[in-house]
Structure formats: C-alpha cells, structure tokens
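Reading through the structure tokens given below for one structure.
Numbering starts at 1 and runs along the sequence shown. Both ligands and their constituent atoms are indexed starting at 1 by order of listing.
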Amino acid sequence: MRVLSGIQPTGDLHLGNLLGAILRWVRMQEEAKPGEELLFFLADLHSLSDHIEPARRLANRREMAAALVASGIDPARSILFAQSDVPAHAELCWLLNGTARMGWLNRMTQWKDKAGKNRESASVALFDYPVLQAADILLYQATHVPVGEDQKQHIELTRDIAIKFNNDYDTELFVVPEPFVGAGTAARVMSLRDGSAKMSKSDPSDMSRINLTDDDETIAQKIRKARTDPEPLPADPALLATRPEAKNLVGLMATATGDSETAVLAHFEGQGFGAFKPALADALIALIAPLRTRLTELRTDTGELDRLLATGAARARAIGEPVLEQAYRAVGLR
Ligand code: TYM
C-alpha cells in the first residue's frame, strides 16, 4: 500500500479540505504499518493555471506546508514535499501527454466549470492539469489516493491513462490507483450559504466556508449565519434528503464529533437550528482551535519550513526518479 495525495497551495485551508482530505490523511498516517509509505505534497505547479503574483506563490507554499503540519501530517512519518521541487512530475506529465486524449480531458467537469464559456482564453495548464495530476500519482506507483469526491473523476482519468500507457507500450510499469473517498458529508462538504454548492476556496463569499485561520468568534458567527430552513430536526437522517443545508450541518456535526448522524439527530430531534447551531459551533471550534494554535507557532519559522520541504523532496525524488527512467525506457527514449 502506498498512499499519495496533494493539495493546491492557494489560499487558506478550509473545512472541506480538512474533512474531505487532510484529517483522513492524518488517520491513514496513524494507521500505517511499518514499510507502508505515505506521500503528501503541495501541488504548486498546478497553481500556474491561474495568474498569481510570484511572491504570493512562494508565501502560499510555506503557509500550506505549515497548515499541513499543524493539522497532523508528521514529516518524520510521511513524505511531505512540494511538487515543483521534484522535476520528474513535469517530465512524466509530458510523456503522459502522448497517451491522454483530448476527448478525455474535454469531459472533465472541473475543466468545464473553471473554463466556463470562455474556453478560448483559458490557459493550456488548466486544460492539461489532470494529466499533471496523473503524473503526480503514477510517478510514485501509488495504490490509494485519499481525496474528496470532486477529485474522483481525475483519479478515474489517471486509471485510464495508466491502463492505456501500459497497453500501448506493453509494460506493467504503472500501478492503477484507487480513489479513496470518505463517507457521508466528509466526501463533499457544502457551502454554508448554498447547500447545492461545494465549500470552496474560490467562492467569493468568505461566509460560505470555515477556514483553518478563522478565530472562534468568526466560526461561531459563520455557523449562526449559515443558511437553514425553519423545520425542526427529524429523528431519521433519510428525512434530510430534501433539505440540503440541514443535511450538511448535521453531517458536519457527525463528522466533527465522530458520532453517527442518527446519534446526532437522536439528541436534537424536534429542536430547531436555534438550539443546534451553538452546539455545532462548539464542536467545530473544538476541532479547529488546536490546529490554528499550532499553525500560528509553525508559520513564523520559514527556515524550518523550507528545510522540511527540501528533505521531503529528496525522499520523493529517490522514489520517483527510477520510475521516470523506466517510463523513458518504455517509450523508447532511453
Ligand atoms: P484541492 O486543492 O482543490 O483540494 C484538496 C483536497 O480537498 C478536497 N476538498 C473537499 N473535500 C470535501 N468537500 C469539499 N468541499 C472539498 N473541497 C476540497 C479535495 O477533493 C482534495 O482531496 N487536483 C487536486 C490536487 C492534486 C491531487 C494530485 C490530489 C494535484 N495532484 C494528485 C490527489 C492526487 C486539487 O485541486 O485539490
């Protein structure tokens, strides 16, 4: 078993990233058996699909490295690195560009959503991004890729690319990876303002998400103002199916406390959100406050963060470079 996952170092970590990905990575790290490797990286090359000021890009890298360590990724147990420090990602991406098909990429919902109607002016990097993501995964022969549901399609594309490459070049080089998506709300945390949209860094309203850097009062206020409906809470989670905002909040409570949705509802059955919201705010503050405190300590030591990423990159290169060499050989360039 080799676990690998990545996150774009743009803006703050939010509750969707935490529940959908990072806290699950931490759990896999805790449960890993000796000899099982885990790789977690900052997908900083992916940030080239948008224009960002160079100084901001550098600051984002350190900030996200600090946030991952604060959330529990232990650089002694997991390999933590930045994608751009391992050139093999970009090189393998180019080799896989010969395998990936335009039609496959055209079907990616993230491409369709992000490019919108303005495809002609979207960057080539935005279109090719899923091939770089496939390179990220295949370079390390990862077996398990823990992600939120929104990334599942990209992992399925990675599988298609691995299978076609192996077939076309008559090799077994690439391991076909499994997407590893969480259960319930963790798979897809929704916006606090709109139960039909996922919680996202790109939502213009900061009230739509809870950030790792939000203070306790901000968290409480965002939950107080979260959109809900006037109905009391039912006993049966199935009755929340037509109430997306209520379903999201109940799911958040269950995920934050580790209780089942049924147990959460048993406690709040018949009550409205006036009673539920303060309890949810407390549960989220209990989850986030200790991570935020650690982040505040870690982010000031930029020298240590740079050192830590350099060590991680050296370890990642040692695993990835032999695979890249074999890929060059498979296509006949060695
Ligand atoms: P990114 O940076 O958008 O998100 C990082 C992780 O957080 C998850 N996530 C969510 N999960 C549940 N609910 C939400 N509202 C929510 N929002 C985000 C994402 O699913 C993801 O797991 N392309 C990737 C980064 C990447 C990658 C990779 C991941 C690059 N290469 C290789 C895995 C393997 C991305 O943009 O994630």
Side-chain angles (χ1 to χ4, degrees), residues 2-26 28 38-50 60-61 63-64 67-68 71 73 81-84 86 89-90 92-93 96 105 108-111 113-114 125-126 128-159 161-162 175 177-203 208-212 244 248 251-252 255 316 320:
R2 182 173 284 158
V3 177
L4 172 136
S5 200
I7 182 164
Q8 294 201 50
T10 35
D12 258 349
L13 262 189
H14 59 70
L15 194 59
N17 300 135
L18 269 179
L19 300 181
I22 291 137
L23 294 179
R24 297 175 52 238
W25 304 353
V26 172
M28 292 175 96
L38 304 98
L39 297 107
F40 301 115
F41 69 94
L42 315 176
D44 54 356
L45 289 176
H46 283 291
S47 74
L48 290 160
S49 55
D50 275 331
N60 282 351
R61 230 170 92 113
E63 179 70 12
M64 188 57 83
L68 294 184
S71 304
I73 299 298
F81 66 102
Q83 187 185 36
S84 67
V86 183
H89 288 246
L92 183 59
C93 174
L96 298 179
L105 296 183
M108 294 296 109
T109 50
Q110 196 159 340
W111 156 249
D113 289 351
K114 288 203 174 167
L126 184 66
D128 201 33
Y129 171 117
V131 183
L132 180 58
Q133 182 160 353
D136 299 337
I137 299 168
L138 300 179
L139 183 63
Y140 300 100
Q141 298 175 313
T143 55
H144 292 69
V145 187
V147 285
E149 200 178 77
D150 61 339
Q151 293 299 316
K152 205 171 157 196
Q153 195 186 32
H154 288 166
I155 316 301
E156 279 156 6
L157 177 84
T158 303
R159 293 169 60 88
I161 292 175
V175 172
E178 289 293 334
F180 199 67
V181 177
T185 301
R188 195 170 164 80
V189 175
M190 306 311 277
S191 155
L192 298 178
R193 310 299 293 166
D194 175 358
S196 67
K198 71 170 183 185
M199 187 177 284
S200 148
K201 306 179 221 218
S202 49
D203 192 315
S208 70
R209 64 186 158 258
I210 289 179
N211 304 304
L212 181 59
N248 190 43
L252 285 179
T255 314

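Using a 4.0 Å cutoff on heavy atoms, Ala187 counts as a contact of ligand 1. Residue contacts with ligand 1: Lys201 is included, with a non-hydrogen atom under 4.0 Å away. Not close to ligand 1: Ser200, with no non-hydrogen atom less than 4.0 angstrom away. Ala186 counts as a contact of ligand 1, since one of its heavy atoms falls under 4.0 Å from the ligand.
Side-chain atoms of Gln83 and Asp136 include a donor-acceptor pair closer than 3.5 Å.
Among Asn248, Asp150, Val189, the residue whose heavy atom lies closest to atom 20 (O) of ligand 1 is Asp150. Closest heavy-atom approach to atom 17 (N) of ligand 1 within the set Arg24, Arg209, Gln151, His14: this belongs to His14.
Rounding to the nearest 0.5 Å places CZ of Arg159 at 11.0 Å from CD1 of Ile137. Atom CG of Leu252 and atom CE of Met199 lie 6.5 Å apart (nearest 0.5 Å).
Just one residue in the list Val86, Leu4, Leu68 forms a side-chain contact (heavy atoms from CB on, under 4.5 Å) with Phe41, and that residue is Leu4. The only member of Lys114, His154, Gln153 that meets side chain to side chain donor-acceptor pair (under 3.5 Å) when paired with Thr109 is Gln153.
Of all the heavy atoms of Leu19, none lies under 4.0 Å from any atom of ligand 1, so neither backbone nor side chain is involved. Only the side chain of Val145 comes within contact range of ligand 1, with a heavy atom under 4.0 Å; no backbone atom does.
The protein heavy atom nearest to atom 28 (C) of ligand 1 is Gln133 CG, 3.4 Å. His46 NE2, 3.3 Å is the protein heavy atom nearest to atom 30 (C) of ligand 1. With respect to atom 2 (O) of ligand 1, the closest heavy atom belonging to the protein is Gln8 N, 2.9 Å. Residue, atom and distance of the protein heavy atom nearest to atom 6 (C) of ligand 1 are Ala21 CB, 3.6 Å. Scanning the protein for heavy atoms near atom 25 (C) of ligand 1, the closest one is Gly6 O, 3.6 Å.
By the ring-ring contact (aromatic ring centres under 6.0 Å, His included) test, Tyr140 is found to be paired with Phe81, His89, residues two or more places apart in sequence or in another chain being considered. In this structure, His14 has no ring-ring contact (aromatic ring centres under 6.0 Å, His included) partners at least two apart in sequence or on a different chain.
Here is the list of ligand 1 atoms found below 4.0 Å of a heavy atom in Arg188: 12 (C), 13 (N). Which parts of ligand 1 touch Ala43 is read off a 4.0 Å heavy-atom cut-off, strictly below it: atoms 30 (C). Below 4.0 Å from some heavy atom of Gly20 lie the following atoms of ligand 1, by number and element: 11 (N), 12 (C).
A salt bridge does not link Lys198 to Glu149: none of the charged side-chain nitrogens sits closer than 4.0 Å to a carboxylate oxygen.
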